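Reviewing the structure listed below.
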Amino acid sequence: MRKTLLLLLLFVTTAVMAASVKVVAKYKKGDYCVYQVTLTSTTSAAMGQQMNQSYVGEIRYDVTDVRPDGYTIETKILKWDKMNPVEGQNGEESIENLTDDITMMSQKMLEGQSVILKTDLEGKIVQFANFDEIKSVISTFADELIEKLFAQGGEAMVGVLNKEKMKQMIIDEVREDKMLESMGSNYFGFYGKTIATGMMEEEPLGGLKYKTTYLVPSASNAEGYTIKATSVSSMTKEDLKDLLLKQMEKMLPADQMDMMRENIDTVLDSGTIKMDGSRQASYEFLNSGWLKASETTMKVNMMGAETTTVSKTTIKECSWK
């Protein structure tokens, strides 16, 4: 009986150990990897309207230095292209055209621009070494984006929104701490962490709060390991209220904001404004810490419009092949 209990304890202990893994970078100076990224997004509105957007791009990562306290990595978007350009009716610019153009502009704004990342010894990103340069590029993008929005919206935009406030709203989001947080919402957030089957954590994704549960299907093998993540939004009414008021405060005049604060509870209780989402993700890592492949499917329901975004990343070229 005692022998049976010991064997059972050994089995359970082994199973638990096999269901966890620590993600650690083991880069070498001169290592590089070029990834192909595909992004497909489908939005379905309550009225039956549907819009599809698909993009393909290439991103390169070079380990330029191995420091005593971590790694220096240069990353660059080599290209980013549409797979299925949106066509307007009768050659006129439609809202689909505008949305597609804005999405394309935001994806291409850093195309060809070096982004220098500094990590700790385990690969966790701790700093954007050329942050001021990146912020300048994004500031220029903000000017171009706002001009396009106002050109499309005409007098209606001028009467409601303020150009300077809109630009400041975009610039306010370009803080190093927010960019680091954003990087942590994809596979970069795993470095330095021990991920175990059944482990749960809360994380921000696209402005919403999510609760994520992890699964490690198998132990590390000769090539690498896999981590799967399932996320569901966990926004309370107060979370949603706070999110909406903060965003509107950046754009609306003071008198309109006062009116919004007075009526926000009534609007939320009516169910008119609803935001929720879910995500399924799978990440394959090599034992060296490099990402081998990933696939993420994210669904967001925002005020009656459901958007499904599928992102896939695979290695196109690397220094060890």
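Please read all numbers here as calculations on a predicted model, not as lab measurements.
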Query raised in the report: F131 versus M179: any side-chain heavy-atom pair under 4.5 Å?
Result: yes
Query raised in the report: Would W320 end up clustered with V66 when hydrophobic side chains under 4.5 Å apart are linked, directly or stepwise?
Result: yes
Query raised in the report: Does any N or O in the side chain of Y71 come within less than 3.5 Å of the main-chain N or O of K29, such that one atom is a donor and the other an acceptor?
Result: no
Report task. Establish, yes or no, whether the cationic atom of R279 lies under 6.0 Å from the six-membered ring centre of Y210 and within 45° of the ring axis. Result -> no
Query raised in the report: Quick one: do I73 and M183 end up in the same hydrophobic cluster if we chain Ile, Leu, Val, Met, Phe, Trp and Tyr together by side-chain heavy atoms under 4.5 Å apart?
Result: yes
Query raised in the report: Would you find a donor on one side and an acceptor on the other, under 3.5 Å apart, between the side chain of N130 and the backbone of E133?
Result: no
Requested in this report: Could you walk me through whether V300 and T308 pass side-chain contact (heavy atoms from CB on, under 4.5 Å), step by step?
Outcome: CA-CA 7 Å; V300 176; T308 300; over 6 Å; no
Query raised in the report: Any chance NZ of K299 has more than 12 other-residue heavy atoms, nucleotides or ligands included, within less than 6.0 Å?
Result: no
Requested in this report: Would you check if P217 and K228 make a side-chain contact, meaning some heavy-atom pair closer than 4.5 Å?
Outcome: yes
Query raised in the report: Just wondering, do K118 and I125 contact through their side chains at under 4.5 Å, heavy atoms?
Result: no
**Report entry** Path from F128 to I59 over hydrophobic side-chain contacts below 4.5 Å
**Finding:** yes
Report task. Output, in order, the C-alpha distance, side-chain angles, deciding distance and verdict of side-chain contact (heavy atoms from CB on, under 4.5 Å) for K26 and N287. Result -> CA-CA 8 Å; K26 301 173 185 176; N287 286 326; 5.5 Å; no
Query raised in the report: How about E317 and Y32: does a side-chain donor come under 3.5 Å of a side-chain acceptor?
Result: yes
**Report entry** Separation of L117 CG from T75 OG1 (nearest 0.5 Å)
**Finding:** 6.0 Å
Query raised in the report: Between atom NZ of K312 and atom CD of E295, what is the distance when rounded to the nearest 0.5 Å?
Result: 4.5 Å
Query raised in the report: Looking only at atom types and distance, does a side-chain atom of E58 sit under 3.5 Å from a main-chain N or O of I77, one as donor and one as acceptor?
Result: no
Query raised in the report: Thinking salt bridges, do D69 and R67 make one under a 4.0 Å N-O criterion?
Result: yes
Query raised in the report: Are E122 and K193 close enough for a salt bridge, meaning some N to O gap below 4.0 Å?
Result: no
Requested in this report: Could you verify whether a donor N or O on one side chain and an acceptor N or O on the other, from T230 and Q280, lie under 3.5 Å apart?
Outcome: yes
Query raised in the report: If you measure from OH on Y191 to CG on L291, what distance do you get to the nearest 0.5 Å?
Result: 6.5 Å
**Report entry** Closest contact, heavy atoms only, K76 versus S114
**Finding:** CE-OG, 3.2 Å
Query raised in the report: How far does CD1 of I116 sit from CD of E74, to the nearest 0.5 angstrom?
Result: 4.0 Å
Query raised in the report: Would you call the rings of Y214 and F190 parallel, tilted or perpendicular, where under 30° means parallel and over 60° means perpendicular?
Result: perpendicular
Requested in this report: Can you label the angle between the F188 ring and the Y61 ring as parallel, tilted or perpendicular, going by 30° and 60°?
Outcome: tilted
Report task. Determine, using the 4.5 Å side-chain heavy-atom cutoff (strictly less than), whether L110 and V37 are members of one ILVMFWY cluster. Result -> yes
Report summary line: The reported gap from CD1 in I195 to OG1 in T226 (rounded to nearest 0.5 angstrom) is 13.5 Å
Query raised in the report: Looking at side-chain heavy atoms only, is the closest gap between V310 and L39 below 4.5 Å?
Result: no
Query raised in the report: Among side-chain atoms of T212 and E203, is any donor-acceptor pair under 3.5 angstrom?
Result: yes
Query raised in the report: Could you walk me through whether F141 and S139 pass the side-chain contact (heavy atoms from CB on, under 4.5 Å) check?
Result: CA-CA 5 Å; F141 158 75; S139 178; over 6 Å; no
Report task. Quick one: closest heavy-atom pair of A305 and T43, and the distance? Result -> CB-CG2, 4.3 Å
Query raised in the report: Does the side chain of N52 pick up a donor-acceptor pair with the side chain of T42 at under 3.5 Å?
Result: yes
Requested in this report: Show the numbers, then the answer: is there a side-chain contact (heavy atoms from CB on, under 4.5 Å) between V126 and T119?
Outcome: CA-CA 5 Å; V126 295; T119 79; 5.6 Å; no
Query raised in the report: Taking the side chain from T309 and the backbone from S41, do they hold a donor-acceptor pair closer than 3.5 Å?
Result: no
Query raised in the report: Is V63 linked to L121 within one hydrophobic cluster, defined over Ile, Leu, Val, Met, Phe, Trp and Tyr using a side-chain heavy-atom separation of less than 4.5 Å?
Result: no
Query raised in the report: How far apart are the closest heavy atoms of Y35 and T313, and which atoms are they?
Result: CD2-CG2, 3.6 Å
Query - Any donor-acceptor pair under 3.5 Å from S136 side chain to D132 backbone - result: no
Report task. Quick one: closest heavy-atom pair of C318 and C33, and the distance? Result -> CB-SG, 3.8 Å
Query - Spatial distance of atom NZ (K292) from atom CD1 (I315) [nearest 0.5 Å] - result: 8.0 Å
Report task. Determine yes or no for a side-chain-to-main-chain donor-acceptor pair under 3.5 angstrom, with N301 supplying the side chain and T307 the backbone. Result -> no
Report task. Step through it carefully: locate the ring centre of Y187, locate the ring centre of Y283, and say whether they are under 6.0 Å apart. Result -> no
